[in-house]
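Presented below is the structure to which this report refers.
Keep in mind the model is a prediction, meaning the values are calculated, not measured.
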Amino acid sequence: MVRGVLKRVQEDVSPAESGAVHGEGRPTWAEISLAAIQDNFSRIQRHVGTQRKVLAVVKADAYGHGAPPVARALERAGADWFGVTCTSEGAELREAGIRKPILILSGTWPGEERAVLEYGLTPAVHRIEDLLQLERGVARESAGGARKSLRFHLKIDTGMNRLGISPEDVAKFAAALAGCPHLQLESTFTHFASSEDFSSGRAAGQEKVFAVALQGLRAAGIDPGIVHMANSAAVASRESSWADMVRPGALLYGYHQNYDTTERRLAAERKLPLTPALSLRARIISLRDVPAGEGVGYNSKFVTSRPSRIAVLPLGYADGMVRQLSGRGRVLVRGVEAPLVGTISMDLSMVDVTDLPQAQVGDTATLFGADGDARISPFQVARELGTVTSDLLCALGKRVPRYYLA
């Protein structure tokens, strides 16, 4: 059965929401182990060496785990930097008391310069045009008062073909930066397109392209500053990419990437063992005896082949039970796997508990996490659905209260 001491974090969970665990309110909730996240961070730090900085990626509400409490736990554990995707995410962390540097990985929009300066955020620059816009914005904020300056990270596109200046444009960038007295290059980075794929040389090729771009900066008289490129899979398996700082994301929350071979993944897990931090649970709110030959759920996608006992959970795709699990997913009830049946709706899901006659209203069903000796991992589910673990974690709905294991 599910056990564990739960602690409510005052600013993140209201008293009404706390009833999901203790018998009041909608009985659907997520449990987050901050201790597991801190332990994963410590393992990563030891793995790459304490001489390297670690930028903890907490974008998308810390992959669904709750950015403010997760970032506070990681700051206590020793994170050097935090990575978010936009200015508003960075502002949220500052207002939650985070003091370590925060990198806006996707850059800023025109007009955000005041907020970036006010919250002490560090933008990434992906285009020369973005550099010039930042200079104009910071100069405008400096007009009539104390001179302001802003540090930034330069992103180089080495083969992702998404964001970043081309290595061929390094000289143009250097010339543009010379005309930006309010800006200071603090760091240079790139991003791997397929660091978990060892069947091709793409990631190794990106490393070489990045090295050439760094040489170009130095030749132009520019210190690239802190160099970083390693995302989660590279942190786990590509030591040559660790540079001055690494950027773990999914690893922090307990998940390795889906490598090109099972052997490669198992090797990564042995080298860097992790603990999944999130469990998603709901209580059974109804049990219904359904005769053979009856449809269950929208459009009768599931038809009973025998007299069946169907449990209803207050957990739907608005909560993180993605619709693709309809008719193919499973949950744990009393430590035993039971199949999801019928079409998952926005607020409710159905489970066939015919083979669990002891199941009762109020029993806990686990979508992700452990129940006794049994466990369902988001990685397993993601692999079966042909997606990635982060896709499922980020789908966790806002109306699902997060509780933090003491």
Review point. Taking it one step at a time, do R309 and L287 satisfy side-chain contact (heavy atoms from CB on, under 4.5 Å)?
Key: CA-CA 7 Å; R309 198 162 184 242; L287 285 167; 3.2 Å; yes
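- The side chain to side chain donor-acceptor pair (under 3.5 Å) pairs that include a residue from residues 189-202 are T158-T190, H191-R247, S194-R202, S195-N231, D197-S199, D197-R202, where partners are two or more places apart or lie in different chains.
- Salt bridge R140/E113: present, at least one basic N to carboxylate O contact under 4.0 Å.
- Among residues two or more places apart in sequence or in another chain, the side chain to side chain donor-acceptor pair (under 3.5 Å) test is passed with R375 by none.
- Looking at F173 and L131, their side chains come closer than 4.5 Å, going by heavy atoms from C-beta outward.
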Side-chain donor-acceptor pairs under 3.5 Å in residues 62-69, sequence neighbours left out?
unit_1	atom_1	unit_2	atom_2	d
H65	ND1	A62	O	2.9
H65	ND1	Y63	O	3.1

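- Two residues are said to be in side-chain contact when any heavy atoms from C-beta on lie closer than 4.5 Å; V70 and Y253 meet this criterion.
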Review point. So L367 and I376, side-chain contact (heavy atoms from CB on, under 4.5 Å) or not? Walk me through it.
Key: CA-CA 7 Å; L367 172 61; I376 295 177; 5.8 Å; no
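- The environment of E239 atom CD is sparse: at most 12 non-hydrogen atoms of other residues, nucleotides or ligands sit within 6.0 angstrom.
- At a cut-off of 3.5 Å, with distance as the only test, no side-chain donor of S149 or Q184 sits close to an acceptor on the other residue.
- The shortest non-hydrogen separation linking S390 to A250 is OG-CB, 4.2 Å.
- Annotation: the span from D157 atom CG to E168 atom CD amounts to 9.5 Å, rounded to 0.5 Å.
- Contact check for I44 versus V235: side-chain heavy atoms found under the 4.5 Å cut-off.
- The CG atom of D130 sits 10.5 Å away from atom CZ of F152, with the distance rounded to the nearest 0.5 Å.
- A salt bridge links R330 and E337; the closest N-O separation between the charged side-chain nitrogens and carboxylate oxygens is under 4.0 Å.
- Screening residues 346-361 for side chain to side chain donor-acceptor pair (under 3.5 Å), with sequence neighbours left out, gives R306-D355, D347-R399, D352-T354.
- Within the cation-pi definition used here (under 6.0 Å to the ring centroid, within 45° of the axis), R281 does not qualify as a partner of F368.
- Here K148 pairs with L117, V138, E141, S142 under the side-chain contact (heavy atoms from CB on, under 4.5 Å) rule; sequence neighbours left out.
- Rounded to the nearest 0.5 angstrom, L396 CG and M321 CE are separated by 11.5 Å.
- Results of the ring-ring contact (aromatic ring centres under 6.0 Å, His included) test with H228 over F192, W242, F210, F189 single out F189 as the only residue that passes.
- By the side-chain contact (heavy atoms from CB on, under 4.5 Å) test, S106 is found to be paired with T85, residues two or more places apart in sequence or in another chain being considered.
- Side-chain atoms of K172 and I128, non-hydrogen and from C-beta on, do get closer than 4.5 Å to each other.
- For the atom pair OG1 (T122) and CD1 (I102), the distance works out to 8.5 Å, reported to the nearest 0.5 Å.
- Residues satisfying the ring-ring contact (aromatic ring centres under 6.0 Å, His included) test with F82, not counting sequence neighbours, are none.
- In this structure, W29 CH2 and R283 CZ are separated by 4.0 Å, a value rounded to the nearest 0.5 Å.
- Atom OH of Y119 and atom OG of S88 lie 10.0 Å apart (nearest 0.5 Å).
- Remark: Y255 pairs with no residue by the ring-ring contact (aromatic ring centres under 6.0 Å, His included) rule, at least two apart or across chains.
- Applying the side chain to side chain donor-acceptor pair (under 3.5 Å) test to pairs two or more places apart or on separate chains, those with a residue in residues 40-55 are D39-R43.
- Between the side chains of T87 and E112, at least one donor-acceptor pair of N or O atoms lies under 3.5 Å.
- Under the rule for a side-chain contact (heavy atoms from CB on, under 4.5 Å), the partners of A243 that lie at least two apart in sequence or sit in another chain are V227, M229.
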Point to revise | Derivation of the side-chain contact (heavy atoms from CB on, under 4.5 Å) call for V353 and I310 | key: CA-CA 6 Å; V353 293; I310 304 300; over 6 Å; no
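- In terms of the side chain to side chain donor-acceptor pair (under 3.5 Å) criterion, S300 has no residue partners (sequence neighbours excluded).
- In this model, no donor atom of one side chain and acceptor atom of the other lie less than 3.5 Å apart for H153 and T188.
- Electrostatic pairing of D169 and R127 does not count as a salt bridge here, judged by no charged N lying under 4.0 Å from a carboxylate O.
- Remark: S237 engages F198, Y259, A268 in a side-chain contact (heavy atoms from CB on, under 4.5 Å) (not counting sequence neighbours).
- Looking at H182 and E135, their side chains do bring a donor and an acceptor atom within 3.5 Å of each other.
- Counting only N and O atoms by type, the side chains of R218 and Q215 include no donor and acceptor under 3.5 Å apart.
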